[in-house]
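Since the structure comes first, as structure tokens, the remarks are kept for the end.
Positions are given from 1 along the sequence. All ligand and atom numbering here is 1-based and tracks the order in the structure.
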Amino acid sequence: MTKKFYITTPIYYVNARPHIGHAYTTLACDTIARRQRMMGFDTFFLTGTDEHGQKIQRAAEAAGKTPQQLTDEVSAEFRALWDRMGVTYDDYIRTTSDRHKRGVQELWRRIRDNGYIYKGSYTGQYCVFDELYVDVVGPGAPCPECGRPTETVKEENYFFKLSAFTEQLLDLYTGQPDIIRPETRRNEVIAFVRSGLRDLSVSRSSLSWGIPVPDDPKHVIYVWFDALANYITALGYGSDDDSKYKQYWPADVHMVGKEIVRFHCVYWPALLMAARLPVPKSIVAHGWLLFEESKMSKSRGNIVRTETILDVLGADALRYFLLREVVFGQDGSFSFDALVQRYNSDLANGLGNLASRTLAMITRYFKGEVPYPSGAAARRPADDVIVKLAQKTISEYHGLFEQYQFSRALESAWGLIAAVDKYIVENEPWALAEKPDENNRARLATVLYTSADALRIVTALAHPVMPDATAKIWAQLGLGDIRKFPLADLRWGQLHLGTKLGKVEPVFPRADKSAVERMQKMEEQDRTAAVAEAQPASTAAESGASQAVPQLAEPQKTVAPIAASDGKITIDDFAKVELRVALVKVAEKVKGADKLLRLEVDLGTEVRQIVAGLAEAYAPESLIGRKVVIVANLQPRKLRGLESNGMIVAASPEDGKPVLAGFLEDVPIGARLK
Ligand code: ME8
């Protein structure tokens, strides 16, 4: 009987566009799914989007859209990107779909009917960014997960009896030791559970953008309860046809980033236990992709778009880079320089060069038909070294891949490429071809067969990582459709005598220096375009050091003026400027700059760093705890090496000091000015 394999990505929030952090998880899952299919598993690969909750509702408000409009747009954007990259997902779940809503409500009823949901009221802190109840800190305190300020929530809620599952969870982690990987994450989770679990609030009554609680529609189901359930609702749980649920659940792998381990390793298994459903077999957590030393994320404004890399180097290059460069489980840095360097050294000069030189020589010396080593006389020990190394590489690669050690697996395969390159140089097939007596001919056949079979082996192993390029090399080797190759049977010597090669063409053209510049430029242009879309020309002006102070200076050259010819703007133009109330949490002088203060301001959904030209008018301490107005959708920029993410609004008298805009009545933080 064919074994099944079910793998999932997190479902991504639709408050922001996809970036290569999201692509990292999705591509890792796609690689695993492709490999499992080649290994003969009946594989199901799920991805999708997480579309409910306060974070999305606020993002929609900020964008001047309904939540449904925003989620439709951004969810489609994620999906289009995965399609463009050829991601082989089997289903795409959206949490606003009816099938999902039905399944979530069914799960709720089941847990409730089993006695694990009760009504209570919650007074405490909530982190909107993480959609997390934080009941261990006081009002205004930062979220222990992300450091952003929390909001006080006081509302009637339903609670899930999480505390009842402490022992069962600990037994699960012991009885199923591989359930959480890597080990460091497992230890963190165990320590968290041992420290004692409190019951979890699982509904919101001050929010409408969510799935109604069955039999009490004043409440909506907590967004993480809703989101986690996607892993079963996508399989038809709670619907008339749950055949896929029966076939594929429990999941073999939930792949997640390290920041959402607790939701997946504590809350999710406990919810399933409460519903008396099987728990997942494993949750695998990877580290973060960093850009300029900090986590790539929209709120930090340091994202790299996947599209830029696809346009310049293609999907295979990105896939290879992410899996080869980043040690899976740990954080890894992304840079365009490193990407291009890896591309040239490992793909253009490595696999690409081995393929083109080997196949070109077979074409030239053997009329494009695979020759076969003839007789012991033509063999040398060097040939056996390659054969042995290839055999060792196959088993090593499989072993490492199964342990999610993608980087080491690829390193091992590329070790074989390097050995074959050296073998070709040392055995000089071109010299053998020049004196074509019988011995040399046999030797030439052996050298080229050995090289070609090693190339075939690396190509098969690398296929799940680089599906397009390897499919081309496979076809050039005359072997047909690589996806049909049973990877579990990969052995030395499966390349048959007389196999007719396909048309030999280079697969990885070398990238020159301009590739880096082009990608950097594309990213800059994208950011500028986003600003142009969001900013009227008159407010786009900020002059260098005094970013906090709006002054009517020259508009940035790249920003298209959108004011009408009479100098007036329309209400739509104004609506593009996102003015919001923010609370100053931190204020300090910027070293070596008389006018500048570095501020951290809380927007309710996030904390931003803003560098403002206020130092001559305000002492830093006097600003802490003060509510200010900020332009929240300004393109980030660097001032004195510090990133400034927004602009503080102040009146700017001709010859006087700036005076901050403020309010006479109290206003909630995050409120929009319009
Ligand atoms: O957390 N480096 O969604 P999300 C590596 N909706 N991976 C990154 C990354 C980075 N810089 N940035 C994002 C949510 N990711 C919830 C999940 S699941 C039931 C609900 C990847 O849009 C990584 O997989 O914030 C991370 O866990 C996920 O995107 C977070 O996506």
Subject >> Worked check of side chain to side chain donor-acceptor pair (under 3.5 Å) between Thr49 and Glu51 >> reply: CA-CA 6 Å; Thr49 40; Glu51 308 183 355; 2.6 Å; yes

Original post:
When you look at NZ of Lys244, are more than 12 heavy atoms from neighbouring residues, nucleotides or ligands closer to it than 6.0 Å?
Top reply: no

If you look at each N/O of ligand 1, which protein N/O atoms lie under 3.5 Å away, and at what distance?
residue, atom, partner, partner atom, Å
ligand 1, 2 (N), Leu289, N, 2.7
ligand 1, 6 (N), Ile11, O, 2.8
ligand 1, 6 (N), Asp50, OD2, 2.7
ligand 1, 7 (N), Gly21, O, 3.3
ligand 1, 11 (N), Leu289, O, 3.2
ligand 1, 11 (N), Met296, O, 3.1
ligand 1, 22 (O), Tyr13, N, 2.9
ligand 1, 24 (O), Thr25, OG1, 2.6
ligand 1, 24 (O), Gly257, N, 3.4
ligand 1, 27 (O), Gly257, N, 2.9
ligand 1, 27 (O), Glu259, OE2, 2.7

**OP:** Could you tell me which residues satisfy side chain to side chain contact (heavy atoms under 4.5 Å, CB included) with Ser407, sequence neighbours excluded, listed by chain and number?
**Re:**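 Ser407 satisfies side chain to side chain contact (heavy atoms under 4.5 Å, CB included) with Arg324 once adjacent residues are dropped.
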
**OP:** With sequence neighbours left out, write down each residue that passes side chain to side chain contact (heavy atoms under 4.5 Å, CB included) with Ala164, or none if nothing qualifies.
**Re:**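 Per chain and number, Ala164 pairs via side chain to side chain contact (heavy atoms under 4.5 Å, CB included) with Tyr116, Lys161.
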
Original post:
Is the closest basic N to carboxylate O distance between Asp526 and Arg17 below 4.0 Å?
Top reply: yes

Subject >> Where at least one partner belongs to residues 267-291, residue pairs that pass salt bridge (charged side-chain N to carboxylate O under 4.0 Å, His left out), sequence neighbours excluded >> reply: Asp252-Lys281

